[in-house]
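Chain letters run A, B, ... following the sequence lines, proteins first and then strands; every chain starts at 1.
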Amino acid sequence: MPELPEVETTRRGLQPHVVGRNIQSIDIRQPRLRWPVPGQINNLVGATVISLQRRAKYLLMHTDKGHMIWHLGMSGSMRILPQQQASVAHEHIQITFDNHTSLRYRDPRRFGALLFCKNDPLQHELLARLGPEPLSEAFNAAYLHQRCQGRNSAIKTLIMDSHIVVGIGNIYACESLFLSAINPKTRAGRISKQRCQRLVQAIKEVLRQAISQGGTTLQDFSQADGKPGYFAQSLHVYGQQGSCSRCGSKIKRITQGQRSTFYCSTCQH
DNA sequence: AAAGACACCTGTCCGC
DNA sequence: TGCGGACAGGTGTCTT
(Lines give C-alpha, C1' and ligand atoms only; values in the text may rest on other atoms or scores of the structure.)
Protein backbone atom coordinates (compact mmCIF):
# COMPACT_ATOMS: atom_id res chain seq x y z
CA MET A 1 0.00 0.00 0.00
CA PRO A 2 1.87 3.00 1.20
CA GLU A 3 4.45 4.55 -1.03
CA LEU A 4 6.54 7.58 -0.13
CA PRO A 5 3.67 10.12 -0.17
CA GLU A 6 1.55 7.99 2.14
CA VAL A 7 4.43 7.43 4.55
CA GLU A 8 5.30 11.13 4.53
CA THR A 9 1.64 12.00 5.10
CA THR A 10 1.63 9.64 8.06
CA ARG A 11 4.80 11.20 9.45
CA ARG A 12 3.41 14.73 9.22
CA GLY A 13 0.19 13.67 10.86
CA LEU A 14 1.84 11.87 13.75
CA GLN A 15 4.72 14.23 14.44
CA PRO A 16 2.91 16.90 16.48
CA HIS A 17 1.26 14.21 18.61
CA VAL A 18 4.33 12.15 19.44
CA VAL A 19 7.32 14.48 19.67
CA GLY A 20 8.04 15.36 23.28
CA ARG A 21 5.68 12.70 24.59
CA ASN A 22 6.72 10.16 27.19
CA ILE A 23 5.88 6.52 26.52
CA GLN A 24 3.76 5.05 29.32
CA SER A 25 3.15 1.59 27.91
CA ILE A 26 3.64 -0.53 24.82
CA ASP A 27 1.09 -3.19 23.94
CA ILE A 28 2.12 -5.69 21.28
CA ARG A 29 -1.02 -7.68 20.55
CA GLN A 30 0.38 -9.44 17.49
CA PRO A 31 4.19 -9.71 17.34
CA ARG A 32 4.18 -11.72 14.12
CA LEU A 33 4.72 -9.05 11.48
CA ARG A 34 7.15 -9.39 8.59
CA TRP A 35 9.77 -10.02 11.22
CA PRO A 36 8.87 -10.76 14.83
CA VAL A 37 8.64 -7.57 16.86
CA PRO A 38 11.79 -7.69 19.02
CA GLY A 39 11.44 -7.83 22.80
CA GLN A 40 13.77 -4.83 23.18
CA ILE A 41 10.91 -2.62 22.03
CA ASN A 42 9.62 -2.94 25.58
CA ASN A 43 12.79 -1.23 26.82
CA LEU A 44 11.32 1.97 25.42
CA VAL A 45 8.66 2.27 28.11
CA GLY A 46 9.56 5.47 29.96
CA ALA A 47 11.39 6.91 26.98
CA THR A 48 10.68 10.35 25.52
CA VAL A 49 10.15 10.75 21.78
CA ILE A 50 12.67 13.16 20.31
CA SER A 51 11.71 13.22 16.64
CA LEU A 52 9.97 11.36 13.85
CA GLN A 53 11.90 11.01 10.60
CA ARG A 54 11.19 9.36 7.27
CA ARG A 55 13.81 7.54 5.18
CA ALA A 56 12.48 5.80 2.09
CA LYS A 57 9.25 4.15 3.23
CA TYR A 58 10.52 3.70 6.78
CA LEU A 59 9.47 5.86 9.71
CA LEU A 60 12.18 6.34 12.31
CA MET A 61 10.97 7.23 15.77
CA HIS A 62 13.92 8.52 17.79
CA THR A 63 13.73 8.40 21.57
CA ASP A 64 16.22 9.00 24.35
CA LYS A 65 16.42 5.25 24.93
CA GLY A 66 16.73 3.94 21.40
CA HIS A 67 15.00 4.01 18.05
CA MET A 68 11.96 2.39 16.48
CA ILE A 69 12.00 1.54 12.78
CA TRP A 70 8.46 1.24 11.40
CA HIS A 71 7.34 0.01 7.99
CA LEU A 72 3.74 -0.03 6.76
CA GLY A 73 4.15 -2.87 4.26
CA MET A 74 1.20 -3.17 1.86
CA SER A 75 -1.70 -2.50 4.20
CA GLY A 76 -0.36 -0.65 7.22
CA SER A 77 -1.58 2.59 8.73
CA MET A 78 -0.95 4.52 11.94
CA ARG A 79 -3.33 6.73 13.90
CA ILE A 80 -3.54 8.74 17.08
CA LEU A 81 -6.56 7.95 19.25
CA PRO A 82 -7.62 8.47 22.87
CA GLN A 83 -6.00 5.89 25.12
CA GLN A 84 -9.36 4.45 26.12
CA GLN A 85 -10.80 3.99 22.67
CA ALA A 86 -11.31 0.33 21.83
CA SER A 87 -9.01 -1.25 19.29
CA VAL A 88 -10.26 -2.47 15.94
CA ALA A 89 -9.36 -5.62 14.01
CA HIS A 90 -5.71 -5.97 12.98
CA GLU A 91 -4.58 -3.20 15.32
CA HIS A 92 -1.42 -5.02 16.33
CA ILE A 93 0.44 -2.41 18.35
CA GLN A 94 -0.60 0.36 20.73
CA ILE A 95 1.77 2.84 22.31
CA THR A 96 0.24 4.93 25.07
CA PHE A 97 1.63 8.35 25.96
CA ASP A 98 1.64 10.51 29.07
CA ASN A 99 -1.28 12.66 27.86
CA HIS A 100 -3.74 9.76 27.55
CA THR A 101 -3.40 9.54 23.78
CA SER A 102 -2.13 6.49 21.98
CA LEU A 103 -0.48 5.55 18.71
CA ARG A 104 -2.18 2.62 16.97
CA TYR A 105 -0.52 0.51 14.30
CA ARG A 106 -2.93 -1.44 12.11
CA ASP A 107 -1.80 -3.82 9.36
CA PRO A 108 -4.21 -6.51 8.11
CA ARG A 109 -1.68 -8.28 5.87
CA ARG A 110 1.20 -8.04 8.34
CA PHE A 111 3.83 -7.27 5.70
CA GLY A 112 4.91 -4.31 7.78
CA ALA A 113 7.44 -4.22 10.57
CA LEU A 114 8.51 -2.69 13.84
CA LEU A 115 12.19 -3.06 14.62
CA PHE A 116 14.38 -1.79 17.44
CA CYS A 117 17.69 -0.07 16.92
CA LYS A 118 19.98 0.96 19.75
CA ASN A 119 22.11 3.30 17.65
CA ASP A 120 21.70 5.26 14.39
CA PRO A 121 18.91 3.49 12.47
CA LEU A 122 20.23 4.86 9.18
CA GLN A 123 23.11 2.41 9.64
CA HIS A 124 20.73 -0.52 10.08
CA GLU A 125 21.36 -3.16 7.43
CA LEU A 126 17.92 -2.58 5.89
CA LEU A 127 18.62 1.12 5.41
CA ALA A 128 22.36 1.44 4.97
CA ARG A 129 22.48 0.64 1.26
CA LEU A 130 19.35 2.42 0.04
CA GLY A 131 19.43 4.78 -2.94
CA PRO A 132 18.87 8.54 -2.68
CA GLU A 133 15.60 10.20 -1.70
CA PRO A 134 13.67 11.06 -4.89
CA LEU A 135 12.96 14.61 -3.71
CA SER A 136 16.60 15.32 -2.93
CA GLU A 137 19.20 17.03 -5.11
CA ALA A 138 21.10 13.75 -5.25
CA PHE A 139 18.38 12.27 -7.41
CA ASN A 140 18.95 14.01 -10.72
CA ALA A 141 19.26 13.22 -14.43
CA ALA A 142 23.01 12.59 -14.33
CA TYR A 143 22.63 10.14 -11.46
CA LEU A 144 19.71 8.24 -12.97
CA HIS A 145 21.34 8.09 -16.41
CA GLN A 146 24.50 6.71 -14.89
CA ARG A 147 22.59 4.03 -12.97
CA CYS A 148 20.75 3.06 -16.16
CA GLN A 149 23.95 2.27 -18.01
CA GLY A 150 24.28 -1.37 -18.97
CA ARG A 151 20.93 -2.28 -17.46
CA ASN A 152 18.60 -4.50 -19.47
CA SER A 153 15.70 -4.36 -17.07
CA ALA A 154 12.61 -2.34 -17.92
CA ILE A 155 12.75 1.27 -16.76
CA LYS A 156 9.65 0.77 -14.62
CA THR A 157 11.27 -2.07 -12.71
CA LEU A 158 14.43 -0.03 -12.28
CA ILE A 159 12.80 3.04 -10.74
CA MET A 160 11.00 0.76 -8.27
CA ASP A 161 14.34 -0.66 -7.08
CA SER A 162 15.09 0.95 -3.72
CA HIS A 163 18.83 0.56 -4.29
CA ILE A 164 18.49 2.92 -7.27
CA VAL A 165 16.01 5.41 -5.77
CA VAL A 166 13.68 4.95 -2.81
CA GLY A 167 10.01 5.53 -2.27
CA ILE A 168 8.55 4.85 -5.72
CA GLY A 169 6.01 2.04 -5.67
CA ASN A 170 3.64 0.72 -8.28
CA ILE A 171 1.24 3.65 -8.40
CA TYR A 172 3.78 6.43 -8.71
CA ALA A 173 6.02 4.47 -11.06
CA CYS A 174 3.11 4.15 -13.49
CA GLU A 175 2.07 7.77 -13.08
CA SER A 176 5.60 9.16 -13.48
CA LEU A 177 6.17 7.20 -16.67
CA PHE A 178 2.88 8.48 -18.07
CA LEU A 179 3.76 12.06 -17.20
CA SER A 180 7.18 11.77 -18.86
CA ALA A 181 5.67 9.88 -21.85
CA ILE A 182 8.04 6.93 -21.47
CA ASN A 183 6.91 3.38 -22.21
CA PRO A 184 7.37 1.33 -19.01
CA LYS A 185 8.86 -1.57 -21.00
CA THR A 186 11.76 0.50 -22.34
CA ARG A 187 15.12 -1.03 -21.42
CA ALA A 188 16.79 1.26 -18.90
CA GLY A 189 20.09 1.22 -20.75
CA ARG A 190 18.46 2.68 -23.85
CA ILE A 191 17.11 5.82 -22.24
CA SER A 192 18.87 9.07 -23.10
CA LYS A 193 20.01 11.55 -20.51
CA GLN A 194 17.39 13.97 -21.77
CA ARG A 195 14.63 11.45 -21.15
CA CYS A 196 16.11 10.71 -17.72
CA GLN A 197 15.74 14.41 -17.04
CA ARG A 198 12.05 14.27 -17.98
CA LEU A 199 11.52 11.20 -15.84
CA VAL A 200 13.27 12.68 -12.81
CA GLN A 201 11.15 15.81 -13.09
CA ALA A 202 7.97 13.75 -13.46
CA ILE A 203 8.79 11.64 -10.40
CA LYS A 204 9.40 14.72 -8.26
CA GLU A 205 6.25 16.40 -9.55
CA VAL A 206 4.02 13.36 -8.96
CA LEU A 207 5.38 12.75 -5.46
CA ARG A 208 5.07 16.41 -4.45
CA GLN A 209 1.50 16.57 -5.75
CA ALA A 210 0.55 13.35 -3.99
CA ILE A 211 2.01 14.54 -0.69
CA SER A 212 0.08 17.79 -0.98
CA GLN A 213 -3.12 15.75 -1.44
CA GLY A 214 -2.43 13.55 1.59
CA GLY A 215 -1.45 10.53 -0.49
CA THR A 216 -3.56 8.03 -2.40
CA THR A 217 -6.34 6.05 -0.76
CA LEU A 218 -7.41 3.04 -2.83
CA GLN A 219 -8.91 0.86 -0.14
CA ASP A 220 -7.61 1.15 3.36
CA PHE A 221 -4.96 3.83 3.61
CA SER A 222 -5.83 6.60 6.04
CA GLN A 223 -3.93 9.58 7.34
CA ALA A 224 -3.05 9.86 11.01
CA ASP A 225 -6.33 11.68 11.66
CA GLY A 226 -8.33 8.95 9.91
CA LYS A 227 -9.05 10.85 6.71
CA PRO A 228 -8.33 9.27 3.32
CA GLY A 229 -5.76 10.66 0.89
CA TYR A 230 -7.18 12.52 -2.07
CA PHE A 231 -4.64 11.85 -4.81
CA ALA A 232 -6.66 8.91 -6.21
CA GLN A 233 -8.70 11.37 -8.23
CA SER A 234 -5.54 12.64 -9.88
CA LEU A 235 -4.40 9.27 -11.22
CA HIS A 236 -4.01 9.18 -14.99
CA VAL A 237 -3.23 5.52 -15.61
CA TYR A 238 -2.91 3.47 -12.41
CA GLY A 239 -6.01 1.33 -11.93
CA GLN A 240 -7.71 3.00 -14.90
CA GLN A 241 -9.82 0.83 -17.16
CA GLY A 242 -11.07 3.51 -19.50
CA SER A 243 -9.36 5.76 -21.99
CA CYS A 244 -6.30 7.97 -21.81
CA SER A 245 -7.12 11.46 -20.55
CA ARG A 246 -4.68 12.90 -23.08
CA CYS A 247 -5.38 11.04 -26.34
CA GLY A 248 -8.42 8.86 -25.76
CA SER A 249 -6.75 5.50 -26.46
CA LYS A 250 -7.63 2.66 -24.14
CA ILE A 251 -5.29 2.34 -21.17
CA LYS A 252 -3.28 -0.88 -21.37
CA ARG A 253 -2.57 -3.22 -18.49
CA ILE A 254 0.41 -5.57 -18.57
CA THR A 255 2.43 -7.47 -16.00
CA GLN A 256 6.03 -6.58 -15.19
CA GLY A 257 7.90 -8.27 -12.37
CA GLN A 258 4.68 -9.80 -11.02
CA ARG A 259 3.11 -6.34 -10.73
CA SER A 260 0.43 -4.70 -12.85
CA THR A 261 1.58 -1.87 -15.08
CA PHE A 262 -0.86 0.63 -16.56
CA TYR A 263 0.11 2.84 -19.47
CA CYS A 264 -0.98 4.47 -22.72
CA SER A 265 0.76 2.91 -25.71
CA THR A 266 -0.06 5.94 -27.83
CA CYS A 267 1.36 8.60 -25.50
CA GLN A 268 4.23 6.61 -24.01
CA HIS A 269 7.29 5.64 -26.06
C1' DA B 1 26.44 -8.71 -10.94
C1' DA B 2 21.91 -8.68 -12.69
C1' DA B 3 17.30 -10.36 -13.57
C1' DG B 4 13.41 -12.88 -12.33
C1' DA B 5 10.55 -15.78 -9.34
C1' DC B 6 8.82 -16.51 -4.87
C1' DA B 7 7.49 -15.84 -0.24
C1' DC B 8 5.08 -13.62 3.55
C1' DC B 9 -0.72 -12.64 4.89
C1' DT B 10 -5.55 -11.09 4.80
C1' DG B 11 -9.38 -8.91 2.56
C1' DT B 12 -12.16 -7.90 -1.44
C1' DC B 13 -14.17 -8.55 -5.70
C1' DC B 14 -15.87 -11.14 -9.66
C1' DG B 15 -17.70 -15.07 -12.13
C1' DC B 16 -20.11 -19.30 -11.77
C1' DT C 1 -25.65 -17.37 -0.87
C1' DG C 2 -21.32 -19.84 -1.33
C1' DC C 3 -16.96 -20.99 -3.30
C1' DG C 4 -12.71 -20.66 -6.01
C1' DG C 5 -9.49 -17.79 -8.04
C1' DA C 6 -7.31 -13.47 -9.08
C1' DC C 7 -5.62 -9.49 -7.27
C1' DA C 8 -3.87 -5.71 -3.96
C1' DG C 9 -0.08 0.26 -2.32
C1' DG C 10 6.26 -3.88 -0.50
C1' DT C 11 10.58 -5.97 -0.43
C1' DG C 12 14.05 -9.47 1.31
C1' DT C 13 15.76 -13.79 -0.31
C1' DC C 14 16.60 -17.38 -3.29
C1' DT C 15 17.48 -19.23 -7.99
C1' DT C 16 19.08 -18.77 -12.57
Side-chain angles (χ1 to χ4, degrees), chain A residues 1-10 29-37 54-59 69-78 88-93 105-115 124-131 134 146-177 184-190 203 206-207 210-211 213-223 228-241 253-262:
Chain A
M1 149 214 160
E3 302 183 34
L4 186 148
E6 291 74 35
V7 179
E8 178 62 20
T9 294
T10 299
R29 303 188 185 95
Q30 169 57 280
R32 308 196 57 165
L33 302 183
R34 178 161 195 188
W35 297 283
V37 176
R54 180 190 57 73
R55 169 70 173 118
K57 297 173 188 168
Y58 296 94
L59 282 175
I69 302 177
W70 299 85
H71 198 286
L72 299 177
M74 287 278 269
S75 58
S77 58
M78 296 166 91
V88 297
H90 307 296
E91 208 173 84
H92 306 312
I93 301 169
Y105 174 87
R106 178 172 187 266
D107 183 11
R109 292 179 74 180
R110 289 193 275 124
F111 287 172
L114 170 57
L115 300 173
H124 190 283
E125 57 177 10
L126 288 176
L127 289 97
R129 286 178 297 280
L130 292 173
Q146 186 266 316
R147 295 301 303 265
C148 282
Q149 296 312 299
R151 300 293 295 262
N152 275 311
S153 55
I155 185 64
K156 190 223 180 192
T157 310
L158 186 121
I159 60 172
M160 290 179 69
D161 180 346
S162 62
H163 300 288
I164 303 287
V165 56
V166 302
I168 304 167
N170 206 25
I171 295 179
Y172 301 112
C174 292
E175 294 299 312
S176 302
L177 288 162
K185 293 185 287 188
T186 310
R187 302 285 124 190
R190 298 187 54 250
I203 287 169
V206 166
L207 295 178
I211 290 170
Q213 300 284 303
T216 300
T217 295
L218 295 179
Q219 294 177 34
D220 51 10
F221 173 72
S222 67
Q223 305 187 42
Y230 298 103
F231 194 71
Q233 58 204 49
S234 304
L235 298 176
H236 287 100
V237 287
Y238 182 86
Q240 306 300 306
Q241 298 186 308
R253 176 185 184 145
I254 61 173
T255 297
Q256 292 181 289
Q258 294 87 236
R259 314 295 299 276
S260 289
T261 296
F262 298 85

What is the nucleic acid contact for [X], judged by heavy atoms within less than 4.0 Å: base, sugar-phosphate only, or nothing?
X      : answer
A/F231 : nothing
A/D107 : nothing
A/G169 : sugar-phosphate
A/S260 : sugar-phosphate
A/R129 : nothing

Rounded to the Å, how far apart are [X] [atom1] and [N] [atom2]?
X      : N      : atom1 : atom2 : value
A/H163 : C/dT11 : NE2   : P     : 10 Å
A/M160 : B/dA3  : CE    : P     : 15 Å
A/L59  : C/dG10 : CG    : P     : 15 Å
A/Q256 : B/dA3  : CD    : P     : 13 Å
A/N170 : C/dC7  : CG    : P     : 13 Å
A/Y172 : C/dG9  : OH    : P     : 12 Å
A/I168 : C/dG9  : CD1   : P     : 15 Å
A/R106 : C/dG9  : CZ    : P     : 18 Å

Side-chain contact, heavy-atom cut-off 4.5 Å: A/V165 with A/L130? no
Looking at side-chain heavy atoms only, is the closest gap between A/L235 and A/E175 below 4.5 Å? yes
Given the side-chain rings of A/Y58 and A/W70, with only the six-membered ring counted for Trp, is the space between their centroids under 6.0 Å? no
Once rounded to the nearest 0.5 Å, what's the spacing between atom CD1 of A/I171 and atom CZ of A/F231? 9.0 Å
On a whole-Å scale, what distance lies between the P atoms belonging to C/dA6 and B/dC6? 14 Å
Take nucleotides 7-16 of chain B nucleotide by nucleotide from the 5' end and write B, S or -, depending on whether a protein heavy atom sits under 4.0 Å from the base, only from the sugar-phosphate, or from neither. -BBBS-----
Presence of salt bridge, A/R54 and A/E8, under 4.0 angstrom: yes
Below the 4.0 Å mark, does [N] have OP1 or OP2 next to a side-chain nitrogen or oxygen of [X]?
X      : N      : value
A/H71  : C/dG10 : no
A/S162 : C/dT11 : no
A/R259 : C/dC7  : no
A/R253 : C/dA8  : yes

What's the verdict on side-chain hydrogen bond (donor to acceptor under 3.5 Å, both in side chains) for A/S77 and A/Y105, showing C-alpha distance, side-chain angles and the deciding distance? CA-CA 6 Å; A/S77 58; A/Y105 174 87; over 6 Å; no
Just to be sure I follow the notation: if a pair is Watson-Crick (purine N1 to pyrimidine N3 plus N6-O4 or O6-N4) or a G-U wobble (N1-O2 and O6-N3), each under 3.5 Å, what dot-bracket string does DNA chain C give, with | for pairs to another strand? .|||||||.|||||||
Answer yes or no: are there more than 12 heavy-atom neighbours, outside A/Q149 itself, under 6.0 Å from its atom CD? yes
Side chains of A/Q256 and A/T261: donor-acceptor distance under 3.5 Å anywhere? yes
A/T10 to A/M78 - nearest heavy-atom pair and separation: CG2-CB, 4.0 Å
Tell me if a side-chain donor or acceptor on A/Q213 pairs with a main-chain N or O of A/G215 at a distance below 3.5 Å. no
Counting heavy atoms from C-beta on, name the nucleotide in B/dA3, C/dA8, C/dG10 closest to the side chain of A/E3. C/dG10
The nucleotide from C/dG12, C/dT11, B/dG4 with an atom nearest the side chain of A/R187 is B/dG4
